[in-house]
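Data block below; observations after.
Numbering of ligands and ligand atoms starts at 1, following listing order. It should be emphasised that the depicted structure is a prediction, and the values quoted were computed from it without experimental measurement. Heavy-atom basis, side chains included; hydrogens, waters and symmetry copies ignored.
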Amino acid sequence: MNILLEKLKFAQFEMFPELIHAVSPRCFENDRGEIEEFSFQGNGESGKSGEHVKLFLESIGIENSSLFLVNQVHGDEIFILEDQDFACSEVRKISADALLTQLHGKPIGIFTADCLPILIYDPRLKVIGAIHAGRRGSAQSMMLKVVRKMARVYGSRPEELVAGFGPAIGGCCYEVSEDCIQPFKDLFPDEKSLFRFGLSGNYFLDLIAVNKLEGEKAGLLPENIFLMDHCTCCSTRNLYSYRREGITGRILTTIMLRP
Ligand SMILES: [Zn+2]
């Protein structure tokens with residue numbers, strides 16, 4: 001039996017019995033009792049990456065369902081999964097940075113290592129979403145665009161939506177150059193708290209604060225935005241961080257409507 005060493009979940013999402021969701025930790029205990037790192041990357045659904053995705057899904061209660069992932073490109077395209085028969089191998093080729101679906105039994109997911117993974121849910125209309133919000137996606141107002149799309153396509157009301165922000169690099173560690181800050185100054189000219197000036201001449205950007213503001217701008221209520229408050233780069237929790245490690249694994253953040 002494989003055991004997750006820690007369960008990374010939003011308590012508020014657990015209150016919806018129709019949902020299964022989780023964020024993958026770095027390691028699990030395999031059936032030989034050894035500690036093993038999740039390795040989700042690689043091509044195709046065969047081999048270790050496919051096996052590890054399956055292991056992770058099974059550990060959170062998702063069995064016999066293939067995971068739907070898109071080809072993440074740090075853009076602002078949103079893919080809507082609406083065809084029951086669409087193969088996940090086909091969806092994998094679609095370049096996008098968010099997925100939405102109303103289909104039950106179809107887990108959707110996002111890979112990150114420092115970028116912010118966001119899960120969003122409309123409890124009235126039973127629409128789920130997974131968003132990849134890195135620096136570039138956030139500068140393109142990905143969160144806001146997803147909420148607007150949910151309103152347009154499904155009739156979602158932003159004030160009814162709940163959002164969970166998974167683990168991302170925090171303002172404590174995310175050092176960027178001045179040109180990276182400019183889009184956020186343009187988006188929120190009055191918000192000085194989104195970044196701070198570092199001694200090196202660079203800035204420290206708070207991606208989580210940016211997306212919280214984006215969510216509120218889109219009409220979400222502040223009390224419906226939940227944070228998993230650990231920095232991937234300096235957290236004592238066991239998470240992958242691109243900034244800290246360079247070549248590293250990925251965190252998988254997934255959500256599914258129960259069949
Ligand atoms: Zn940090």
Side-chain angles (χ1 to χ4, degrees), residues 4-13 21-28 35 37-41 56 72 74 97-98 109-120 130-143 163-185 187-188 191-217 220 222-223 225-254:
L4 287 189
L5 294 183
E6 43 179 346
K7 291 220 188 305
L8 299 169
K9 294 189 176 198
F10 300 104
Q12 298 85 357
F13 276 59
H21 85 285
V23 176
S24 70
R26 186 177 187 122
C27 302
F28 65 99
I35 305 302
E37 289 194 327
F38 276 119
S39 172
F40 297 129
Q41 285 176 307
F56 175 62
Q72 297 172 204
H74 298 277
D97 286 274
I110 287 291
F111 282 141
T112 55
D114 292 340
C115 287
L116 175 64
I118 302 175
L119 296 179
I120 192 159
I131 308 168
H132 168 227
R135 176 175 56 79
R136 282 185 279 164
S138 301
Q140 294 170 82
S141 298
M142 200 46 180
M143 171 89 190
F165 290 7
I169 190 165
C172 41
C173 293
Y174 194 24
E175 190 175 359
V176 297
S177 59
E178 190 170 5
D179 55 310
C180 297
I181 290 292
Q182 195 53 49
F184 303 103
K185 285 186 176 168
L187 276 171
F188 301 103
E191 288 290 342
K192 301 280 184 288
S193 62
L194 299 181
F195 48 86
R196 65 184 166 85
F197 193 61
L199 292 174
S200 60
N202 284 335
Y203 288 81
F204 287 88
L205 174 64
D206 191 340
L207 264 187
I208 292 146
V210 166
N211 280 279
K212 202 159 183 288
L213 279 181
E214 283 286 340
E216 289 170 22
K217 194 163 142 188
L220 267 77
E223 61 266 34
I225 299 175
F226 308 108
L227 310 181
M228 206 172 265
D229 240 344
H230 16 266
C231 168
T232 44
C233 194
C234 71
S235 170
T236 51
R237 291 207 179 235
N238 221 350
L239 296 160
Y240 287 118
S241 169
Y242 178 76
R243 179 60 68 109
R244 191 183 62 224
E245 301 168 290
I247 295 166
T248 189
R250 289 291 177 270
I251 297 165
L252 172 57
T253 301
T254 187

Inset, instruction - Give a yes or no on whether Cys233 keeps an N, O or S atom under 2.8 Å from the Zn ion (ligand 1). - result: no

Legend entry - Electrostatic pair Arg26:Glu245 at N-O distance under 4.0 angstrom: yes

Legend entry - SG (Cys172) to the Zn ion (ligand 1) to SG (Cys173) angle, given to the nearest 10 degrees: 120°

Inset, instruction - Work out the angle at the Zn ion (ligand 1) between SG of Cys231 and SG of Cys234, rounded to 10°. - result: 110°

Legend entry - Aromatic plane relationship, Phe38 with Phe56 - under 30° parallel, 30 to 60° tilted, over 60° perpendicular: perpendicular

Legend entry - Cys231 side chain reached by Tyr174 side chain, heavy atoms, under 4.5 Å: no

Inset, instruction - Flag yes if more than 12 heavy atoms outside Tyr242 fall under 6.0 Å of its OH atom; otherwise flag no. - result: no

